[in-house]
Amino acid sequence: MCNGLRSRNPRSDQPFSFAYQDFEFFCSAEPIPTGVSRPTAVLTKAAGGGPTRFTLPADTDEIGYATKQEALRHAEQQALRWVHDRTGTGQAGF
């Protein structure tokens, strides 16, 4: 476990929730018609009682990944970067 990050099976293609620092997220991978999966990270609990239940904006031009597992990995990384960008912790917390 790293700074509150819950471990998960990286081979799973199932949506999952995780906590990191004082934030909680729900990550999923949505299949799109082109045959790839789009990552989605939703903030479900914010530190200090800030706004919750919003989808993080896409952080890359990549609109899809070949597998759900790749899309889920990206959604998780996106959530971690989002926290680091707002807390000033940079990559040091990984």
Side-chain angles (χ1 to χ4, degrees):
M1 209 176 317
C2 172
N3 282 337
L5 184 62
R6 295 181 192 144
S7 63
R8 68 175 186 86
N9 180 351
R11 295 177 190 253
S12 174
D13 65 356
Q14 298 300 307
F16 64 94
S17 295
F18 76 97
Y20 184 68
Q21 295 187 7
D22 291 330
F23 298 88
E24 291 182 15
F25 298 92
F26 177 76
C27 296
S28 62
E30 174 189 343
I32 55 178
T34 59
V36 297
S37 294
R38 178 184 8 225
T40 303
V42 177
L43 176 69
T44 58
K45 178 181 173 250
T52 59
R53 294 299 309 169
F54 73 88
T55 302
L56 276 60
D59 64 348
T60 180
D61 291 338
E62 227 18 85
I63 61 165
Y65 292 84
T67 67
K68 283 185 176 182
Q69 293 91 344
E70 288 176 294
L72 287 167
R73 252 189 321 275
H74 181 82
E76 182 177 43
Q77 292 168 353
Q78 178 184 4
L80 296 175
R81 280 191 300 274
W82 187 90
V83 169
H84 289 250
D85 288 349
R86 279 144 190 83
T87 61
T89 56
Q91 297 283 328
F94 282 112

Problem set entry | Results of ring pair (Phe, Tyr, Trp, His ring centres under 6.0 Å) for F26 - residues two or more places apart only | none
Exercise. Okay, side chain of T44, backbone of E24: is any donor-acceptor separation there less than 3.5 Å?
Worked result: yes
For this session: Identify, with sequence neighbours excluded, every residue that meets side chain to side chain donor-acceptor pair (under 3.5 Å) alongside Q78.
Result: none
Problem set entry | D13 side chain near T67 side chain, heavy-atom distance below 4.5 Å | no
Exercise. Of all residues at least two apart in sequence or in a different chain, which pass the side-chain contact (heavy atoms from CB on, under 4.5 Å) check with V36?
Worked result: I32, T34
Exercise. Can you name the side-chain contact (heavy atoms from CB on, under 4.5 Å) partners of D22, sequence neighbours left out?
Worked result: A47
Exercise. Could you give all pairs that pass the salt bridge (charged side-chain N to carboxylate O under 4.0 Å, His left out) test and reach residues 29-44, with sequence neighbours left out?
Worked result: E30-R38
Exercise. So, for A46 and F23, which heavy atoms are closest and what is the spacing to 0.1 Å?
Worked result: CA-CD2, 3.8 Å
For this session: Find out whether F16 and E76 are in side-chain contact, i.e. whether some heavy atom of one side chain is under 4.5 Å from a heavy atom of the other.
Result: yes
Seminar exercise, completed: Between the OG1 atom in T55 and the CZ atom in F25, the distance rounded to the nearest 0.5 Å is 11.5 Å
Problem set entry | Separation between SG of C27 and CZ of R73, rounded to the nearest 0.5 Å | 12.5 Å
Problem set entry | Counterpart residues, side-chain contact (heavy atoms from CB on, under 4.5 Å), relative to A71 (two or more places apart) | A29, S37, P39, Y65
Exercise. Looking only at heavy atoms, what is the nearest atom pair of L56 and A79, with distance?
Worked result: CD2-CA, 3.9 Å
Seminar exercise, completed: Closest non-hydrogen contact found for Q14 with L72 is O-CD1, 3.5 Å
